[in-house]
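Here the structure comes first, spelled out in structure tokens, and everything after it is commentary.
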Amino acid sequence: MIDIDMYRYEREPIYFLMCAILGGMLWALVILAGVVSVAGLHILTFLLFPHWLVTAFWSLILVILLSWWIGREYFKAQIFGNCIRVSETQYPEIYKTVTDLAKEMGMVDIPYVFIVPEKGQINAYALRFIGHAYVVMYAALVDLMLKRNATRELRMILGHELAHHAAGHVSILKNYLIFPVLWVPFLGFLMHRAYFRACELTADRIGMILTGDLEAASRALTSLAGGCESLSSQTNINSFLHQEREFITFFGFLNDVVSTHPRLTRRANMLDAFGKTVGIPARAAEALGQWQLYGVAGPLAGKAVALEQGGLIIGRDARMCNLVISGDSGQISKKHCQLRFDSVTRGFYLEDCGSTNGTFLASGQKLSPGVPHPLRPGDRFYLANPEVAFELRAR
């Protein structure tokens, strides 16, 4: 399990403390006004708070609470009635990724994850109501990742959004505490926005750590910037990072200062610098060798085989293999391929064992017999044809 606080953006706690102190002071004034009003101390009420102001305030509070309840119920009716919820029986591979990520962050309650048909919009967000938490992913974003088989990029996006929940960014109590800060003209608004921009940088870091791949995490951000399925895999990340130098920093700051999200070039540059500074530590599941091979298609579809740092030979002859492909497997060789664990790199390598019909990566690349190919969590491969496919996962 990863330590969330270890990867927080350094300024996030500072910005939150500033907002919390100011918000707490404002709430204290509000409570004092309410106590004075309820106690019937009319003279003190008149001296401290005009009667009309107290009445207007409590009316506003009631309107806000009623609006919040109506908004919550409307949101639930809209999303449950018109969108698709990811679950064990609905897109189980995405659900498995969600539960794995949540487990790595020590989350007890798994947020509801929904696929929303917002045409042309590349976006995802996290939110919480009393009762449950949500992660909403636009269908165009999911398509952008999965049509390119960019499973690690999708893992980054999911990790980022789940991190908002794990790090407390969407906590109802915290957000209500700092809400009054928005009542303070200019300064309060800027403080509030600065805090939420810091939260995005924290979520980027955690998403990268969960992905275990700086390049994939960075490419996820460039994919959000470009939004082009046919070009995202070809985007030159360094060129995108250098775009930050094409404008005056002050005007970049002005662009960000009123936004809840930093510009994508800044996010990508800061993630790149952080990743190269701290490195990508091995995730607990990988460091302990707790790997599994998941059947994506074929006779073993939906089944997972624990690897536990050991090798695995795949084929149709039970005398030679410890993972047997049964059924109509005429294209599978008796000893087709093997997975072996490397104690130095602490990773698995896939090697074709001279099979008749070949072992292929998800991209269609055919492996040369006897030449090991490194695999990372989320990588897929198939035997002879895509109808017998597997995915390497870290539990």
Side-chain angles (χ1 to χ4, degrees), residues 71-72 74-105 107 109-129 131-167 169-170 196 199-211 213 216-229 232-233 235 260-262 264 267-268 271 296 377-378 380 391 393:
R72 183 191 71 175
Y74 180 82
F75 173 82
K76 289 175 65 177
Q78 178 72 15
I79 200 165
F80 275 93
N82 297 288
C83 307
I84 297 179
R85 179 185 164 192
V86 175
S87 67
E88 292 177 315
T89 57
Q90 191 74 268
Y91 313 136
E93 293 178 39
I94 296 179
Y95 183 76
K96 180 64 166 59
T97 300
V98 170
T99 55
D100 287 347
L101 292 172
K103 182 179 179 181
E104 290 193 50
M105 288 185 282
M107 298 175 65
D109 297 322
I110 309 298
Y112 290 148
V113 177
F114 279 88
I115 307 297
V116 178
E118 293 287 347
K119 294 184 179 179
Q121 296 190 45
I122 310 295
N123 195 18
Y125 59 89
L127 73 163
R128 174 180 286 277
F129 293 109
H132 215 84
Y134 298 82
V135 169
V136 177
M137 302 190 70
Y138 290 0
L141 172 62
V142 178
D143 278 345
L144 178 62
M145 303 302 179
L146 293 187
K147 284 186 176 181
R148 298 161 40 238
N149 195 36
T151 54
R152 286 196 291 274
E153 291 181 34
L154 182 62
R155 186 181 180 90
M156 163 65 176
I157 299 299
L158 284 168
H160 173 102
E161 300 304 337
L162 289 170
H164 282 310
H165 290 286
H169 299 158
V170 291
F196 281 105
C199 291
E200 291 301 316
L201 297 176
T202 294
D204 281 346
R205 290 180 174 187
I206 297 172
M208 178 192 67
I209 296 299
L210 291 169
T211 303
D213 186 332
S218 298
R219 192 167 296 282
L221 295 181
T222 62
S223 295
L224 291 176
C228 181
E229 178 189 331
S232 288
S233 296
T235 302
T260 57
H261 289 61
L264 281 167
R267 287 173 62 182
L271 186 65
V296 176
R380 293 184 177 185
E391 179 180 310
R393 292 180 173 178

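Start at 1 with the first residue, then count along the sequence.
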Donor-acceptor pair, distance only, cut-off 3.5 Å: does the side chain of [X] make one with the backbone of [Y]?
X      : Y      : answer
Arg219 : Thr235 : yes
His164 : Glu200 : no
His132 : Ile110 : yes

Hey, are the side chains of [X] and [Y] touching, using non-hydrogen atoms and a 4.5 Å cut-off?
X      : Y      : answer
Ile84  : Tyr91  : yes
Val135 : Val98  : no
Met145 : Leu158 : no
Met137 : Glu161 : no
Glu153 : Ile157 : no
Val136 : Phe75  : yes

Indicate the atoms forming the closest heavy-atom contact of [X] with [Y], along with that distance.
X      : Y      : value
Cys83  : Pro117 : SG-CD, 3.9 Å
Ala77  : Asn82  : O-ND2, 4.3 Å
Leu141 : Ala124 : CD2-CB, 3.7 Å
Val170 : Ala126 : CG1-O, 3.7 Å
Arg267 : Pro262 : CD-O, 3.5 Å
Met105 : Gly159 : CE-O, 4.3 Å

Could you tell me the separation between the [atom1] atom of [X] and the [atom2] atom of [Y], rounded to the nearest 0.5 Å?
X      : Y      : atom1 : atom2 : answer
His261 : Asp204 : NE2   : CG    : 9.0 Å
Arg148 : Cys228 : CZ    : SG    : 9.5 Å
Ile206 : Leu162 : CD1   : CG    : 10.5 Å
Ile94  : Leu146 : CD1   : CG    : 5.5 Å
Leu127 : His169 : CG    : NE2   : 15.0 Å
Leu101 : Met107 : CG    : CE    : 9.5 Å

Criterion side-chain contact (heavy atoms from CB on, under 4.5 Å) against Tyr138, the qualifying member of Ile115, Asp143, Asn123, Leu144: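 With Tyr138 as partner, Ile115, Asp143, Asn123, Leu144 yield a single side-chain contact (heavy atoms from CB on, under 4.5 Å), made by Asn123.
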Enclosure of Asp109 CG (heavy-atom neighbours >12, cutoff 6.0 Å):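 No, because the 6.0 Å sphere around CG of Asp109 holds 12 heavy atoms or fewer from other groups.
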Contacts of Arg85 that satisfy side-chain contact (heavy atoms from CB on, under 4.5 Å) - sequence neighbours left out: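 Partners of Arg85 by the side-chain contact (heavy atoms from CB on, under 4.5 Å) criterion, ordered by chain and then number, come out as Phe80, Tyr112, Phe114.
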side-chain contact (heavy atoms from CB on, under 4.5 Å) against Ala216, all qualifying residues, sequence neighbours excluded: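 If we apply the side-chain contact (heavy atoms from CB on, under 4.5 Å) test to Ala216, skipping adjacent residues, the hits are Arg152, Thr211, Asp213.
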side-chain contact (heavy atoms from CB on, under 4.5 Å) between Met156 and Leu271, intermediate numbers included: CA-CA 12 Å; Met156 163 65 176; Leu271 186 65; 4.1 Å; yes
Pairing of Glu104 and Arg155 as salt bridge, 4.0 angstrom limit: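 A salt bridge links Glu104 with Arg155.
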